2 protein chains.
Amino acid sequence: MLTPERHQVILSLLQDRKTVKMKELVEATNASESTIRRDLSFLEENKKLRRVHGGASIKSAASEELSLQEKKTVHLAEKQAIAKYAASLVREGDSIFLDAGSTTYEMIPFLAQKNILVVTNGLSHLETLTSSAIETYVIGGRIKRKTRAVIGAHAVQSLKHYRFDKSFLGINGVHPKEGFTTPDPEEAVVKNTALQLSGETFILADASKLNEVTFAKVAEVQDAVIISDAPDDLLPPFKELTEVKVVTS
Amino acid sequence: MLTPERHQVILSLLQDRKTVKMKELVEATNASESTIRRDLSFLEENKKLRRVHGGASIKSAASEELSLQEKKTVHLAEKQAIAKYAASLVREGDSIFLDAGSTTYEMIPFLAQKNILVVTNGLSHLETLTSSAIETYVIGGRIKRKTRAVIGAHAVQSLKHYRFDKSFLGINGVHPKEGFTTPDPEEAVVKNTALQLSGETFILADASKLNEVTFAKVAEVQDAVIISDAPDDLLPPFKELTEVKVVTS
DNA sequence: CATTTTTCAATCAAAAACAATCAATACCAA
DNA sequence: TTGGTATTGATTGTTTTTGATTGAAAAATG
């Protein structure tokens, strides 16, 4: 396992659990304790985490979101499997909304060369979309630096200029009772608006998102189709409420 | 396998996996370790990836910023002089429109850390604006691939959500009779709209733009203040019509 | 508070990966 | 073809990374 990969594993484990023990890191990476110690020193040096006796803990305020770059590498294979399936649902001639986020980003390679129109609020998508010869529209509004997404009231206004055959949304939490949730209310309202404007909406949620709940509600579970790689035992509560597409990675 | 083909294989593997080991690359390309090493060195040299012990990893967002900064432009010194002066006109608390284009781009370093709000249609500006801690809004609309600008009817609609203290526009032609002109009518209407919505409008035009005329009209010369590095003998016809700020580079 | 246990930083030797070099081969233009 | 150039893979010695070991420091225990 390469050093940057190890660092990512450490950071994403931390993100999940808030604190992590030395032993867990050694297991997760198959590296020695010494190596992990060196990694932790390095990452602390770079302000990515705080070392504590026996392991490490996240640095900033709890539940802060991962930067986009960090998100891109965690659960990558799962995300790509989900993205590939999602992209297969897009037909020639479709107009689609592509939400900001790492999973939806992975859809783009599978959309290349299709004769479609894409509207997005994800600034990180734009370069890849346009260089894939896809007709691309961006919505207007305030830029959230951390996720490089366009959000806010203007974004919602701007979205309403369009209608979509299909929307593809990333999400942070999917819960049978609490519905789809995301940490930032301003992002939530954008996602909800896209959903309202779409014929069909697909929620791309890897297994780690299921039964999670975060701050801001986007919609009820029954308002969209879920695409996930979750194992069978997690799914029954969701299958009662909506269509669930299961992919394997 | 040819060298460019090998490079392509390496980059696309990296794109998929975010990190890749030497051994995997040797297998994927049937080349020797030495050759792969040379490839990696070359690709790192060209900022396409980051070498790490044991293989390579994709470049982080932070280092991508650099390559943007390094972009070379024609008439750079002139543009920077114009940009520096233009930026000096921006006051704390201002809301400004920053047009797409290379001259306006050069304003950003001089705006950094100011407490202002910037609305732009230039996608290339966004990364630098946000990482300069400037509150940034993008307008919505279709993306013109060539200039990475947001244009079209939706862009105009989206612009109308805002009002500006000042607008800073790039331009292709400035002519006493024909006014300000630019080749793309869809860009012209965006510039014109920004002008309408601004208290003051400044046209950033290096000497090569003076007395030029291109296809689509943006506004009359008297509708905006011109900032230019043009020599004195070119200026009198313009000074009769509007205010002209001359900078030296 | 003394003792035991755990975790830590520092050190070191082995292993892996490295850059530098060189000879062999492929390629190209005269 | 021939002479020259570029690319390649093998080999070399060097550097970096790694995991084990150590005694010191910090926490846990009684």
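From a predicted model like this one, the values you see are computed outputs, not experimental measurements.
Residue contacts shown for Val52(B) are limited to sugar-phosphate atoms, with no base heavy atom under 4.0 Å away.
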Inset, instruction - Evaluate the salt bridge (Lys or Arg N to Asp or Glu O under 4.0 Å) criterion for residues Arg148(B) and Glu127(A): first the C-alpha distance (whole Å), next the side-chain angles of each, then the deciding distance (0.1 Å), finally the verdict. - result: CA-CA 9 Å; Arg148(B) 293 180 53 71; Glu127(A) 181 61 42; 2.7 Å; yes
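Atom OG of Ser228(A) is separated from atom CG of Leu235(A) by 6.5 Å, given to the nearest 0.5 angstrom.
Side chains of Tyr137(B) and Thr120(B): a donor-acceptor N/O pair is absent below 3.5 angstrom, by distance only.
If you measure from atom NE2 of His53(A) to atom P of dC8(C), you get 5 Å, rounded to the nearest angstrom. Between Leu25(A) atom CG and dC8(C) atom P there is a gap of 11 Å when expressed in whole angstrom units. A straight line from CE of Met1(A) to C1' of dA17(C) spans 18 Å, rounded to a whole angstrom.
Between Glu27(B) and Lys23(B) no salt bridge is recorded (no basic side-chain N to carboxylate O distance below 4.0 Å). The pair Glu44(B)-Lys48(B) does not count as a salt bridge, with every side-chain nitrogen at least 4.0 angstrom from each carboxylate oxygen. We find that Glu187(A) and Lys217(A) are not joined by a salt bridge, their nearest charged nitrogen and carboxylate oxygen being 4.0 Å or further apart.
Checked against a 6.0 Å centroid threshold, the rings of His175(A) and Phe180(A) do not count as neighbours.
Pairs passing the side chain to side chain donor-acceptor pair (under 3.5 Å) check and including a residue from residues 86-97 of chain A, sequence neighbours excluded, read Asp94(A)-Lys166(A).
For DNA chain D, the outermost nucleotides in 5' to 3' order that have an atom under 4.0 Å from a heavy atom of chain B are dT8(D) to dT17(D).
Near DNA chain C, defined here as any heavy-atom distance below 4.0 Å, the residues from residues 30-45 of chain A are Arg37(A), listed numerically.
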